[in-house]
Student: 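Structure incoming, see below.
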Amino acid sequence: MQQERWARIVWENPMTFRESTQRLKVSCAVVAVGAISLILTGAVSAQEYTARLSVHWGPTHHSAIHAKMFADEVNKRADGRLRIDYFPSGQLFGVREQLGAVTSGAIEMGGIVGVVSFPPINKNFNVVSITGMFDSYGEQRAFFQDDPTGKAVWDDITKKSDSVLLMYDPVGPVMTFSTQELNGVKSMSGLKARALIGAERPMWEALGANTVSMPTGEVYSGLQTGMIDTINSPPGSIRAFSWWEYLTHGQKPYQYYADAYIMANKTWFNGLPQDLQQLLINVGQEVGQISTDEILKTGEETLTEFQERGGIVTKLEGDALAEFNTLMSDKVIPVIADTVDADVISAASAFAAN
């Protein structure tokens with residue numbers, strides 16, 4: 001009876017049935033579209049961006065500590081939207097390969113040592129290697145950010161390498177260390193000196209030392225086997241890489257301020273949402289300031305430990321310092337200056353003087 005009654009209602013009211021069916025279909029479609037929209041919105045909002053940060057420094061190195069601090073802080077503040085995976089100790093790339101890896105997109109971020117990676121792109125970055133040109137990290141950085149000539153050099157480097165600066169992460173001012181006695185110019189004749197960058201060679205040649213080109217990862221074995229007996233290095237590196245197991249002498253003055261940077265592939269960086277770009281910049285500024293504030297203190301603390309281990313640090317003074325400075329000004333700086341355009345040297349000198 002119930003079925004017959006339902007059939008009669010449908011027969012007598014065909015439009016009512018059709019409309020009901022149509023409305024039901026529309027309602028279902030609306031619900032389905034809404035559900036899909038919610039799913040897609042959730043997927044977008046939950047998207048996680050990932051990046052690999054590669055550095056060649058060992059975990060105890062000053063620059064490595066602050067590179068990891070940068071990655072950890074970004075990961076904490078990003079709330080799951082951006083994750084940086086950190087690779088120290090040259091697990092992915094060595095000191096000479098980091099920038100090329102960033103440029104190619106093989107990694108999204110890298111720890112870059114300026115005097116190693118930038119001169120092959122623009123020779124004028126060698127101006128930082130001229131002893132006494134800049135007297136602080138702040139002054140050196142300001143030349144490349146604020147002075148028109150310096151900024152042109154920096155912009156050329158970042159454009160050609162498709163990179164963007166996220167953070168300053170200095171490795172420290174550079175001085176000389178050796179397994180042999182160091183007490184002035186004459187004591188360095190005949191030494192077997194490691195050369196990492198081209199700007200080091202004029203000094204070693206002027207001092208009568210023999211140069212051996214050697215990446216950071218081979219220095220320990222080079223000292224161990226006697227292939228080299230002398231290096232130019234920030235103090236923090238001799239501890240971080242355990243080079244002080246063989247190095248017994250150090251000599252000041254500091255020669256130049258070796259800066260390093262956390263750089264990102266610019267194409268990748270530009271593809272991030274604006275708020276994540278700003279997060280990277282903000283964290284980079286904060287942690288970079290900590291790294292810069294601590295670097296000189298870290299170097300001096302390392303020298304104290306070096307001496308406690310039996311190492312000897314000589315600070316050239318009087319006639320010995322005058323002889324060293326004369327050698328640098330007469331024989332070394334002119335050679336380095338030949339690799340830098342005259343207008344860049346002039347602009348850097350004027351900037352530092354003011």
Student: Quick one: pull up OG1 in Thr216 and CG in Leu196 and give me the separation to the nearest 0.5 Å.
Tutor: 5.0 Å
Student: Please check if the side chain of Gln140 supplies one atom and the backbone of Asp135 the other of a donor-acceptor pair under 3.5 Å.
Tutor: no
Student: Distance from Thr103 atom OG1 to Met263 atom CE, nearest 0.5 Å?
Tutor: 8.5 Å
Student: Could you check Thr176 against Gln255 for side-chain hydrogen bond (donor to acceptor under 3.5 Å, both in side chains), going step by step and ending with a plain yes or no?
Tutor: CA-CA 9 Å; Thr176 301; Gln255 297 161 27; 3.0 Å; yes
Student: Out of curiosity, Glu200 CD to Ile336 CD1, how far, rounded to the nearest 0.5 Å?
Tutor: 9.5 Å
Student: Do Ile231 and Val116 land in one hydrophobic cluster if side-chain heavy atoms of ILVMFWY residues count as linked below 4.5 Å?
Tutor: yes
Student: Pair Ser54, Gln98 - check side-chain hydrogen bond (donor to acceptor under 3.5 Å, both in side chains), show working.
Tutor: CA-CA 7 Å; Ser54 167; Gln98 296 289 351; 3.0 Å; yes
Student: Between Lys192 and Thr211, is there a donor-acceptor pair closer than 3.5 Å when you use the side chain of the first and the backbone of the second?
Tutor: no
Student: Using only atom types and a distance under 3.5 Å, with no angle test, would you say the side chain of Ser329 pairs donor to acceptor with the backbone of Thr326?
Tutor: yes
Student: For the CD1 atom of Ile312 and the OG atom of Ser178, what is their distance to the nearest 0.5 Å?
Tutor: 11.5 Å
Student: Do Leu223 and Leu247 have side chains that get closer than 4.5 Å, going by heavy atoms?
Tutor: yes
Student: Sequence neighbours excluded, which residues qualify as side chain to side chain contact (heavy atoms under 4.5 Å, CB included) partners of Lys159?
Tutor: none
Student: Is any side-chain N of the basic residue among Asp72 and Lys68 closer than 4.0 Å to the acidic one's carboxylate O?
Tutor: yes
Student: Just so I know, are the side chains of Arg52 and Phe87 near enough to count as touching, which here means a heavy-atom distance under 4.5 Å?
Tutor: yes
Student: Working note: Ile197 + Asn232, criterion side chain to side chain contact (heavy atoms under 4.5 Å, CB included); need CA distance, chi angles, decisive distance, verdict.
Tutor: CA-CA 10 Å; Ile197 62 175; Asn232 274 344; over 6 Å; no
Student: Thinking salt bridges, do Glu294 and Lys297 make one under a 4.0 Å N-O criterion?
Tutor: no
Student: Tell me which pairs pass ring-ring contact (aromatic ring centres under 6.0 Å, His included) where either residue lies in residues 198-218, with sequence neighbours left out.
Tutor: none
Student: Ignoring hydrogens and geometry, is there a side-chain-to-backbone donor-acceptor pair from Thr314 to Leu182 under 3.5 Å?
Tutor: yes
Student: Going hydrophobic residue to hydrophobic residue with side-chain gaps under 4.5 angstrom, can you get from Val287 over to Ile65?
Tutor: no
Student: Can you pull out every salt bridge (Lys or Arg N to Asp or Glu O under 4.0 Å) where at least one residue sits in residues 174-186? Sequence neighbours excluded, please.
Tutor: Lys186-Glu323
Student: Could you tell me whether the side chain of Asn210 reaches within less than 4.5 Å of the side chain of Leu191, counting heavy atoms only?
Tutor: no
Student: By the rule that ILVMFWY residues connect when side-chain heavy atoms come within less than 4.5 angstrom, directly or transitively, which residues belong alongside Val335?
Tutor: none
Student: Suppose we screen for side chain to side chain contact (heavy atoms under 4.5 Å, CB included). Which residues come up paired with Glu308, at least two apart in sequence or across chains?
Tutor: Thr304, Glu305
Student: Does a side-chain N-to-carboxylate-O contact under 4.0 Å join Asp156 and Lys160?
Tutor: yes
Student: Counting only heavy atoms not in Asp146, do more than 12 sit closer than 6.0 Å to its CG atom?
Tutor: yes
Student: Through direct or indirect side-chain contacts below 4.5 angstrom among Ile, Leu, Val, Met, Phe, Trp and Tyr, which residues connect to Ile295?
Tutor: Tyr137, Tyr257, Leu296
Student: May I have all residue pairs that pass ring-ring contact (aromatic ring centres under 6.0 Å, His included) and include part of residues 101-136, sequence neighbours excluded?
Tutor: Phe118-Phe125, Phe118-Trp154, Phe118-Tyr261, Phe125-Phe144, Phe134-Phe143
Student: Determine, stepwise, if the pair Arg83 / Thr50 fulfils side-chain hydrogen bond (donor to acceptor under 3.5 Å, both in side chains).
Tutor: CA-CA 5 Å; Arg83 187 186 78 249; Thr50 60; 5.0 Å; no
Student: Can you establish whether the number of heavy atoms outside Asp330 located under 6.0 Å from its atom CG is more than 12?
Tutor: yes
Student: Tell me, please, which residues at least two apart from Tyr246 pass ring pair (Phe, Tyr, Trp, His ring centres under 6.0 Å).
Tutor: Tyr220
Student: Would you say that more than 12 heavy atoms from the other residues, nucleotides or ligands in this model lie under 6.0 Å from the NZ of Lys266, or not?
Tutor: no
Student: How long is the span from the OG atom in Ser163 to the CE atom in Met109, to the nearest 0.5 Å?
Tutor: 13.0 Å
Student: What residues form a ring pair (Phe, Tyr, Trp, His ring centres under 6.0 Å) with Phe241, not counting sequence neighbours?
Tutor: His61, Trp243
Student: Can Phe70 and Tyr86 be said to form a ring-ring contact (aromatic ring centres under 6.0 Å, His included), step by step?
Tutor: CA-CA 10 Å; Phe70 166 79; Tyr86 174 68; 9.8 Å; no
Student: Any chance you could measure Ile262, atom CD1, to Ser63, atom OG, to the nearest 0.5 Å?
Tutor: 8.0 Å
Student: With a 3.5 Å distance limit and no angle check, can you tell me whether Asn265 reaches the backbone of Val102 through a side-chain donor-acceptor pair?
Tutor: yes
Student: Counting N and O atoms only, with roles assigned by atom type, does the side chain of Glu97 sit under 3.5 Å from a partner on the main chain of Gly94, one being a donor and the other an acceptor?
Tutor: yes
Student: Which heavy atom of Val332 sits nearest a heavy atom of Ala206, and at what distance?
Tutor: CG2-CB, 3.8 Å
Student: Of all residues at least two apart in sequence or in a different chain, which pass the side chain to side chain contact (heavy atoms under 4.5 Å, CB included) check with Asp341?
Tutor: Lys123, Asn124, Asp343, Val344
Student: Donor-acceptor pair, Ser89 side chain versus Gln91 backbone, under 3.5 Å?
Tutor: no
Student: With a 3.5 Å distance limit and no angle check, can you tell me whether Asn75 reaches the backbone of Ile84 through a side-chain donor-acceptor pair?
Tutor: yes
Student: Which pairs count as side-chain hydrogen bond (donor to acceptor under 3.5 Å, both in side chains) when at least one residue sits in residues 267-292, sequence neighbours excluded?
Tutor: His62-Ser291, Arg77-Glu286, Arg81-Asp275, Arg141-Thr292, Asp162-Thr267, Asp169-Ser291, Gln278-Asn282, Gln289-Asp293
Student: According to side chain to side chain contact (heavy atoms under 4.5 Å, CB included), who are the partners of Met214, at least two apart in sequence or on a separate chain?
Tutor: Arg194, Val212, Glu218, Val219, Met227, Ile228
